[in-house]
Amino acid sequence: MLAEVLIFVPSIARFRVDYLQLRLEKAQIASLALLATDGMITPELETELLANAGVFNVVLRRDEIRQLVLSSEIPQPVAATYDLRMSGPYVLIRDAMAVLADPQERIIRVIGNPVQEAGLLIEITLKQSPLRREMLDYGLRILFLSALISIITAAMLFFAVRRLLVVPIRRVVRHMQAYAEAPEDARFVITPTARVVELRGAEEALQLMQTELTSALRQKERLAQLGGAVAKISHDLRNILTTAQLFADRIETSADPAVARAVPKLVASISRAVNLCESTLAFGKAEEHPPRLARIAMRPMLEDVAEGEGLSATSDPACLVDVAPGLMIRADAEQVQRVLANLVRNARQAIDATGRGGTIELSAGEDERDWWIRVGDTGPGLPPKAREHLFMAFQGSVRKGGSGLGLAISAELVRGHGGRLELVRSDEDGTEFMIRLPKGGGLDLSADPA
């Protein structure tokens, strides 16, 4: 419609100017007949000349003298005067629209320059209604031609859009429908073929998403199978550990001081193993319990974790514990101990892999919002691939034969507390993890434990 306006409006204004210029030229030619006979023509000839020019009067100005060359009776007064010599585009368009909007029979005066410089100006009077009829007829022809061009253009655009967009989009939809029915089947992954850049980009993004989803579904299926196997193993292992726990309870009453000191730790380790098996079975049934929050003294827990891994200040690698004696946190003791045991075990294995000695540092503290626990080592650091998939199951393993489940489970347990497990640094000087647990109300943790 904008193109139609930009074409139609100037065209109709140009047509009006051409129409009036033609009347001026015919009037000038008619006046030449009178000038050629020294002003002696019959009234019949004068009437015929005016009718042929389509005007009522013709006035010529030559040598500063205004002369009425041809004249006849005007049926009504002149309603408007138009000077074509000094009219700009805006005035011409305005006057053309005014003619189209005015259906009344009016007499107008038109002033212009004579052709071939045959005087200073020429002035004519004529009816406006024939001009309006000609303009309407011309406008209808333009509209018809524009409509025809628009129909042809629309048809070409329709087929072009159908060929370039609709057909490829339908192909994408068919691929999506087929893929939705069998997402594990890699044969239904789309192959980009579109020639439109944007649509091809969409196809490539869809191909990437389908490829990743198919891979994830296959991995999920393998994990489901693995989960079933782990559940069976955990069930049997729990029975074995329960038997071991019974024997440990029997030797707890031994009079041997060394046995008396070792049995409580043995019983505690077996109990944690039994609880872990039961948690594994519960997890397989989607019944993982939320954290059971209680007050925990951090220094004894860190020392217990280090001792459970066979580490001390004099061992190789050495384990240093730096915690204020009275520091208490509020968390699930069993889950936090599992997280710390996993981090300490990974640190010890990283140092052992170097064949050199090293140090593992355990520290804890608090700020206004969180309790924090730091586990650092002087090992070789994590490779880039491990850092990229650090907390992803089966992808973040560093050791050969490792599954990468430890850090994934640890991160999940920390998130269950509303906290986060972060890799602070990992370079040639070692690796450092930070556990942050948000502080919660409900208990007075400033008091000493009972």
Side-chain angles (χ1 to χ4, degrees), residues 212 215-216 218-220 222-223 226-227 230 276 280 283 298 301-313 315-323 329 331 335-365 367 370-438:
E212 293 179 350
S215 176
R218 290 177 176 175
Q219 185 182 33
K220 181 180 179 181
R222 291 195 294 268
L223 288 175
L226 177 61
V230 170
L276 179 59
T280 303
F283 180 80
M298 281 308 303
M301 172 175 281
L302 293 178
E303 292 175 346
D304 189 38
V305 169
E307 188 174 354
E309 293 297 324
L311 299 174
S312 66
S315 64
D316 186 17
C319 183
L320 306 179
V321 178
D322 181 16
V323 184
I329 70 171
Q335 294 184 359
V336 172
Q337 189 161 13
R338 288 168 59 187
V339 174
L340 291 173
N342 180 71
L343 294 177
V344 172
R345 188 179 306 114
N346 288 346
R348 179 175 57 79
Q349 291 171 350
I351 294 175
D352 290 343
T354 63
R356 304 187 303 270
T359 303
I360 300 174
E361 297 180 1
L362 305 179
S363 60
D367 52 34
D370 302 321
W371 293 292
W372 56 267
I373 308 170
R374 188 179 69 88
V375 179
D377 63 67
T378 58
L382 298 172
K385 182 179 179 181
R387 290 199 297 268
E388 185 177 354
H389 304 286
L390 192 59
F391 301 111
M392 299 176 64
F394 300 101
Q395 298 186 44
S397 176
V398 178
R399 295 181 296 107
K400 182 178 181 181
S403 63
L405 281 171
L407 286 177
I409 295 174
S410 298
E412 182 179 352
L413 293 175
V414 174
R415 284 196 301 269
H417 286 74
R420 59 188 185 275
L421 174 61
E422 303 172 343
L423 175 64
V424 178
R425 65 175 180 86
S426 183
D427 49 35
E428 63 276 4
D429 296 327
T431 302
E432 180 179 335
F433 283 93
M434 181 77 74
I435 302 172
R436 287 193 172 272
L437 302 175

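We number each residue from 1, following the sequence as shown. FYI, side chains are in, hydrogens and waters are out, and symmetry mates aren't considered; it's all heavy atoms of this structure.
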*Please identify each residue that fulfils side-chain hydrogen bond (donor to acceptor under 3.5 Å, both in side chains) with Ser215, with sequence neighbours left out.*
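If we apply the side-chain hydrogen bond (donor to acceptor under 3.5 Å, both in side chains) test to Ser215, skipping adjacent residues, there are no hits.
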*Residues which pass side-chain hydrogen bond (donor to acceptor under 3.5 Å, both in side chains) with Ser426, listed by chain and number, not counting sequence neighbours*: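 For Ser426, the residues satisfying side-chain hydrogen bond (donor to acceptor under 3.5 Å, both in side chains) (neighbours in sequence not counted) are Thr431.
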For [X] and [Y], work out which heavy atoms get closest and say how close.
| X | Y | answer |
| --- | --- | --- |
| Leu437 | Ala331 | CD1-CB, 4.1 Å |
| Pro438 | Asp370 | CA-OD1, 3.4 Å |
| Leu362 | Cys319 | CD1-SG, 3.8 Å |
| Ala318 | Ala313 | CB-O, 3.6 Å |
| Trp372 | Ser363 | CZ3-OG, 3.7 Å |

*Under the side chain to side chain donor-acceptor pair (under 3.5 Å) rule, what pairs show up with a residue in residues 303-313, not counting sequence neighbours?*
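Sorted pair list: Lys265-Glu307, Arg299-Glu303, Asp304-Gln337, Glu309-Arg345, Glu309-Arg348, Ser312-Thr314.
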*Any residue meeting salt bridge (charged side-chain N to carboxylate O under 4.0 Å, His left out) with Arg420, in chain and number order, not counting sequence neighbours*: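 Salt bridge (charged side-chain N to carboxylate O under 4.0 Å, His left out) list for Arg420, sorted by chain: Glu422.
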*For Glu361, which residues count as a salt bridge (charged side-chain N to carboxylate O under 4.0 Å, His left out) partner, sequence neighbours excluded?*
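In terms of salt bridge (charged side-chain N to carboxylate O under 4.0 Å, His left out), with neighbours along the sequence ignored, Glu361 is linked to Arg374.
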*Any side-chain heavy atom of Ile409 within less than 4.5 Å of one from Asn342?*
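Side-chain contact under 4.5 Å: no.
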*Is the closest side-chain heavy-atom distance between Leu343 and Leu421 below 4.5 Å?*
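In short, these two side chains touch, coming nearer than 4.5 Å.
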What's the separation between atom [atom1] in [X] and atom [atom2] in [Y], rounded to the nearest 0.5 Å?
| X | Y | atom1 | atom2 | value |
| --- | --- | --- | --- | --- |
| Met301 | Leu340 | CE | CG | 7.0 Å |
| Asp316 | Ile351 | CG | CD1 | 8.5 Å |
| His417 | Ile329 | NE2 | CD1 | 7.5 Å |

_Under 3.5 Å donor-acceptor, Thr378 side chain and Gly358 backbone_ =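 Side chain of Thr378 to backbone of Gly358: no pair is present.
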*Test side chain to side chain contact (heavy atoms under 4.5 Å, CB included) on Leu407 and Phe433 and set out the steps.*
CA-CA 11 Å; Leu407 286 177; Phe433 283 93; 4.2 Å; yes
*Would you please name every residue forming a side-chain contact (heavy atoms from CB on, under 4.5 Å) with Asp429, sequence neighbours left out?*
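For Asp429 the side-chain contact (heavy atoms from CB on, under 4.5 Å) partners, ignoring immediate neighbours, are Arg425, Asp427.
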*For Ala347, check side-chain contact (heavy atoms from CB on, under 4.5 Å) against everything at least two apart and list the hits.*
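Result, side-chain contact (heavy atoms from CB on, under 4.5 Å) vs Ala347: Ile360, Asp377.
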